[in-house]
Amino acid sequence: MKLKTAVLLTFILMAPIQAELRANAESAPDKQELNVTTGKTVIYLNSSEWLYNGISYTLSRNTLVKGGVTYVSLRSVSERLGYSISYHAPTKETRVSGSGIEAAYRIQSKTYQVNGVSQVMKGAAYSDRGVLMIPLTSLTAAFHIPYKLEGNQIILNPSSSGSVSPPPVHNNEAPKAYFTTDKDQYRIGEPVIVTDQSTDDEDAIVDRKWENHEPAFFEPGVVEIKLQVTDQHGLSSEYSKRIEITSDILYTKDEYAKRFTPVGNTFDLNGKAVLSYQALPYRYTTEPYVLFRASGPETVNSEGILYQDTISGPTRFMIHHKNNLTTKARFYLIAHNNNDAAASIQIESEGMAGPTPYPELSGRLAGARYWESSITGNDQRNLQLAAGESMILFDKLNATAASPGDVLSMNADLTSDAPIQYTMLMVQADQDPLLAMPSLPDLDPRESIVRGTFADSTRVFQYDGIVGKKAERLPLTDNTTDPFQEGMDGLQNRVAINSGNYGVVYKIILNHVAPDTVIAFNPRGGRYFGSARVNQQVVDIKHSSDTQNTATVLYRTQSQEEKVEIWLSPAAGSNLPFSLLFLPLSDEPK
């Protein structure tokens, strides 16, 4: 028998074998009964051959060493060892049993069960074109097959160790599924309160599967609610209960959605009908933050300076770039004091996300962290720059190298007491940015994504009228009601238009929001993943599809008029424009 290039594995079977082994069709002799004390089995790595006493058999998959772990086909090896094997669909486990022992495996799991007791393997089980591959040592451990290493062989010799008792069977009871409803009969649109009271002897329920577990129902009839619970050993039970939905209406589906959809969740609406809502008269004032927008080129193909300008006073940064090199890179924001005297920089708030391959995620998390920072003040600090000194700002920006294809986003505010030159650049991960900067080229934005410096980048809309008595909207970032900023590209010394007003902070101050009003975010331009600061709380906004016909709940007033303040900034990586909606809830039913 000619050996393959791989290492030889040799072991002597310990477990009692009742079944006969079938030989490979090409070379198999008549069936032979194996002798566990003298039979010698050889498995070749990177081969499907199984050799027993010089006779060749075939496994369904090659034995493979992956990540330092030797993997074998569970079914082939188990059957050749004489164990029975079965698949348990409810728990998605493949189970091997023999000699009073049962081992259970699941795909993509590093744990397996031996007689109901969880054990850890050296590597995760995986599927190779439908064949379950498992670490060989998990079988030897489960069935107590001792082994020793000799050169490039693993030898298992039960005759030297005597008989081994199987591990004790774990006495486990199946969990008990049970739930209650607050009523047995409900009106259409009436909230159904379900309380899960399922129990398990080990308090180890790992899975719950519900049917018809809805917060409310909108068709009359009898509904059967079902619950199936499963414990960590794969045992399960089911419980069901029927409730009646009458033809009486408490809330319509639309009314229910506006009233009960949780803050940060979405509800459906008629996107075309939104255009018929009355628009609030949008007149705004500004605050003197200068925006340093560095998002062009968005896809960075070479090392270089992404944007640079000199700004004094309140400054806002909006950063969004993708590393398109073939190697890892880091992004840096560098401040340089070109004055004859020292300068002070006060960091006010910051939010950074990435590196990540997902631009929408990067943009959303950067915005959410920026709002959180503005609420807590935890990132505030004072920096001093000596005359002629350069300093790297916002260490989180370059803490992790960006792999090829990764995106990084940042929103931040600071104030300086003197003109400071800010430079955004990208270099390979192992480069010193301060040493590299003098020789770096200025990169051209190329793409339609713009960069530039824009004055008055906080827009304040303060409205004293009553909002929410009827359906109303406030359209933003549309370049009609809300015009785009005009500024300058500090590198190319040309006019720049802030398309979408990315980086602009909108402070929406509504002094009189009517009772029972839902305030919602309605994207009008496509996918949108962002966040908002609403009355000192950060609310996530997530719209992946059919966006014009959905809205995210930002806030809901209660039984009296309220003042509501909403801060928004268009999220990097998302589409625009968007509108804020102000919708009255239905009258409370009697």
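In this chain, numbering begins with 1 at the start of the sequence shown. Just so it is clear, the values below take in all heavy atoms, side chains as well, and ignore hydrogens, waters and symmetry mates.
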Do K563 and I509 pass the side-chain contact (heavy atoms from CB on, under 4.5 Å) test, and can you show the C-alpha distance, the side-chain angles, and the key distance before you say yes or no?
CA-CA 8 Å; K563 176 181 178 179; I509 303 169; 3.7 Å; yes
Let me confirm one number: the [atom1]-[atom2] distance from [X] to [Y], rounded to the nearest 0.5 Å.
X	Y	atom1	atom2	answer
D201	E173	CG	CD	5.0 Å
H321	M410	NE2	CE	10.0 Å
T356	D406	OG1	CG	6.5 Å
L474	Y463	CG	OH	10.0 Å
I508	I519	CD1	CD1	10.5 Å
E102	H88	CD	NE2	9.0 Å

Identify the heavy atoms of [X] and [Y] that sit nearest to each other, and give their distance.
X	Y	value
L554	A532	CD2-CB, 4.4 Å
D231	H233	OD1-N, 2.9 Å
I188	S247	CD1-O, 4.0 Å
P297	R451	CD-NH1, 4.2 Å
L227	A177	O-CB, 3.8 Å
T550	N522	O-ND2, 2.8 Å

Can a side-chain donor-acceptor contact be found between [Y] and [X] if the only test is distance below 3.5 angstrom?
X	Y	value
E348	T415	yes
E561	H512	yes
E224	S240	yes
N511	D464	yes
D196	S198	yes
Y105	S138	yes
S362	H320	no

Whether [X] side chain and [Y] backbone form a donor-acceptor pair below 3.5 Å:
X	Y	value
D456	T286	no
N549	N270	no
N501	P483	yes
N479	F484	yes
S349	Y370	no
T230	S236	no
S276	A273	yes
R187	L250	no
R556	T261	yes
S531	A368	yes

side-chain hydrogen bond (donor to acceptor under 3.5 Å, both in side chains), that's the test. Do T552 and H543 meet it? Break it down for me.
CA-CA 8 Å; T552 295; H543 292 267; 2.6 Å; yes
Can you find a heavy atom in the side chain of [X] that is under 4.5 Å from one in the side chain of [Y]?
X	Y	value
Y277	L581	yes
L476	T481	no
K183	I243	no
Y71	D128	no
T458	Y284	no
P175	L235	yes
K322	P359	no
M352	F394	no

With a 6.0 Å cut-off on the ring centroids, do Y528 and F521 count as close?
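Judged by ring-centre distance (under 6.0 Å), Y528 and F521 do meet the cut-off.
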Carboxylate-amine/guanidinium contact [X] [Y], below 4.0 Å:
X	Y	result
R381	E350	yes
D379	K396	yes
D184	K241	yes
R459	D482	yes

Would you check, one step at a time, whether the test ring pair (Phe, Tyr, Trp, His ring centres under 6.0 Å) holds for Y256 with F218?
CA-CA 10 Å; Y256 183 92; F218 300 95; 5.7 Å; yes
With S457 as reference, evaluate E287, Q485, R316 under the side-chain hydrogen bond (donor to acceptor under 3.5 Å, both in side chains) test and give the passing residue.
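It is Q485, the one option of E287, Q485, R316 that forms the side-chain hydrogen bond (donor to acceptor under 3.5 Å, both in side chains) with S457.
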Evaluate F529 against S544 for side-chain contact (heavy atoms from CB on, under 4.5 Å), listing each step before the verdict.
CA-CA 8 Å; F529 292 84; S544 58; 3.8 Å; yes
Can you tell me how the ring of F461 sits relative to the ring of Y282, calling it parallel under 30°, perpendicular over 60° and tilted otherwise?
tilted
When you look at [atom1] of [X], are more than 12 heavy atoms from neighbouring residues, nucleotides or ligands closer to it than 6.0 Å?
X	atom1	answer
E219	CD	no
K92	NZ	no
K507	NZ	yes

Please say which of V539, V263, N535 ends up in a side chain to side chain contact (heavy atoms under 4.5 Å, CB included) with Y555.
N535
Run V274 and R473 through side-chain contact (heavy atoms from CB on, under 4.5 Å) and show every step you take.
CA-CA 8 Å; V274 167; R473 63 190 172 104; 4.2 Å; yes
CA sep, side-chain torsions, deciding dist, call: L393, L414, side-chain contact (heavy atoms from CB on, under 4.5 Å)
CA-CA 11 Å; L393 299 179; L414 59 75; 4.0 Å; yes
